[in-house]
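Notes follow the structure.
In this chain, numbering begins with 1 at the start of the sequence shown. One-based numbering, in listed order, for ligands and for the atoms of each.
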Amino acid sequence: MTVQLPSGETVPALGMGTWMMAENPARRDEEVRALRTGLDLGLTLVDTAEMYGGGAAESLVGEAITGRRDEVFLVSKVLPGNASAAGTVRACEASLSRLGTDRLDLYLLHWRGRFPLAETLDGFAALAEAGKIRHWGVSNLDLTDMRELTALPGFCQTNQILYNLTRRGPEHDLLPWHAEAGIPVMAYSPVEQGRLLDSPVLASVARRHVASAAQVALAWVLRLPFVTAIPKAGTVEHVRDNARALGLVLTDEDLAELDRAFPPPRGPQPLEML
Ligand code: NAP
């Protein structure tokens, strides 16, 4: 299952997140094993950020992808406070050094801050020119910001946003806009940081498919052809479980049951972020 970027390149629809990794030294080896298992299973889109663990998550990702860099579609993010033109270049170079690589496949503005978008885009352009990033995109941008962004020169490849069964607000206007613009959305916290997984409704749908609640939550996000998802799993077992979501196709009955429990938005809602 893949999603096509505006560049024409395809990326795996299901990837892996890394927020909260590298926070506990006792879990580090298992986290590295989890990421490597994900690569073995084709979850080769790996999302990280300079923010995560103050750079420690990027170092852990660097370790996990050692010797396997070419298999990975590597995504990282610049903090808004660093996102001036020169600051974006400096932040990216520091990320590359922690990741042990010479390039990112996709570099995102983590959320909109005090620097004008055009300045950050100048930084992205300089990085692309130098071969340090292949593509750029954004995160946590709502419709007004996306309209402003796409009026500027250059090609945004994705908008990484909070989207899962309990955060359906973007379905009202942001997701339709993305579908129309041909810019994919990358859904973060697709299992609501684990909070969704106790839902009896997910359990009921999961039972019908002999699947897990996590697989149902992920298959639901991935039902849209222009959406990728990046669950974070810190154990090999959870990565294996999540990878099996790729084989799960929800029926109309499943979708109706999920709609009753987690209703779609009735009107515009501001984009939420975690
Ligand atoms: P998430 O992926 O929705 O949930 C992660 C939690 O779910 C972890 O506690 C994990 O436990 C658990 N989990 C995952 N798979 C499971 C399974 N199969 N069974 C049971 N539990 C499972 O939340 P997230 O980490 O917030 O979001 C995912 C990624 O999106 C982040 O890691 C980060 O890369 C990105 N993100 C971006 C932003 C942004 O502002 N752009 C914000 C938030 C997140 P274990 O760790 O024990 O496996």
Side-chain angles (χ1 to χ4, degrees), residues 14-24 26-35 37-38 41 43 45-53 55-58 60-61 64 72-81 83 95 99 104 106-113 136-142 145 158-167 170 184-199 202-203 206 209 211-222 227-248 271-274:
L14 186 61
M16 297 186 285
T18 62
W19 192 21
M20 306 295 210
M21 283 191 176
E23 303 265 333
N24 177 352
R27 296 198 57 183
R28 186 181 181 89
D29 287 352
E30 177 68 7
E31 288 168 346
V32 169
R33 267 197 300 277
L35 289 173
T37 301
L41 296 171
L43 310 187
L45 188 167
V46 178
D47 177 75
T48 190
E50 62 170 337
M51 185 188 99
Y52 301 161
E58 288 182 325
L60 186 145
V61 170
V72 182
F73 188 89
L74 188 56
V75 186
S76 192
K77 311 184 200 79
V78 57
L79 280 166
S95 287
L99 286 158
L104 292 173
L106 182 60
Y107 197 35
L108 308 179
L109 173 63
H110 208 146
W111 65 89
R112 191 170 184 174
W136 61 265
V138 291
S139 178
N140 297 302
L141 258 60
D142 211 341
D145 290 328
T158 201
N159 184 15
Q160 185 181 114
I161 61 167
L162 177 60
Y163 181 56
N164 64 49
L165 274 163
T166 63
R167 314 277 191 165
V185 159
M186 190 177 286
Y188 74 71
S189 308
V191 300
E192 185 60 18
Q193 301 189 318
R195 292 182 289 274
L196 245 176
L197 303 179
D198 296 330
S199 153
L202 258 71
H209 294 276
S212 68
Q215 287 160 25
V216 173
L218 294 173
W220 181 85
V221 168
L222 296 177
V227 175
T228 57
I230 45 165
K232 175 261 184 181
T235 69
V236 168
E237 187 195 341
H238 287 167
V239 169
R240 289 193 189 286
D241 188 50
N242 292 345
R244 285 194 286 268
L246 290 168
L248 175 58
L271 183 64
E272 298 175 278
M273 66 182 279
L274 284 179

Could you see which bit of [X] sits under 4.0 Å from ligand 1, with heavy atoms only: side chain, backbone, both or neither?
X    : answer
P190 : both
V191 : both
R27  : side chain
S189 : both
M273 : neither

Partner set under side-chain contact (heavy atoms from CB on, under 4.5 Å) for D142, not counting sequence neighbours: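 If we apply the side-chain contact (heavy atoms from CB on, under 4.5 Å) test to D142, skipping adjacent residues, the hits are L174, L271.
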
Contact with ligand 1 for W111, non-hydrogen, under 4.0 angstrom: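 Per 4.0 Å heavy-atom rule, W111 does not contact ligand 1.
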
M20 touching ligand 1 at heavy-atom level, < 4.0 angstrom: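 Flag not set, M20 not near ligand 1.
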
Output a table of donor-acceptor pairs, distance under 3.5 Å, between side-chain atoms of residues 230-238 and any protein atom two or more places apart or on a different chain; print 'none' if there are none.
residue	atom	partner	partner atom	Å
T235	OG1	H238	N	3.0
T235	OG1	H238	ND1	3.4

Would [X] count as being in polar contact with ligand 1, using the rule that some N or O on each side must be under 3.5 angstrom apart?
X    : value
T48  : no
G234 : yes
N140 : yes

Sub-4.0 Å atoms of ligand 1 with respect to non-hydrogen atoms of T235: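 Close to T235: 48 (O).
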
Side-chain ion pair, E30 and R33, N-O less than 4.0 Å: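 Salt bridge between E30 and R33, a charged N being under 4.0 Å from a carboxylate O: yes.
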
Closest to atom 8 (C) of ligand 1 among K232, E237, H110 (heavy-atom distance):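 Minimum heavy-atom distance to atom 8 (C) of ligand 1 goes to K232.
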
Shortest protein heavy-atom distance from atom 29 (C) of ligand 1, along with the residue and atom involved: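 Scanning the protein heavy atoms, the shortest distance from atom 29 (C) of ligand 1 goes to I230 O, 3.1 Å.
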
Of T228, V227, T158, N159, the residue whose pairing with P184 passes side-chain contact (heavy atoms from CB on, under 4.5 Å):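 It is T158; the other options fail the test.
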
Flag side-chain contact, heavy atom, 4.5 Å: H110 against P80: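 SC-SC contact between H110 and P80 confirmed.
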
Heavy-atom check, side chain of D47 versus side chain of K77, under 4.5 Å: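 Answer yes - side chains close enough.
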
Flag for E58-T48: side-chain donor and acceptor within less than 3.5 Å: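 Checked: T48/E58 side chains show no N/O donor-acceptor pair below 3.5 Å.
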
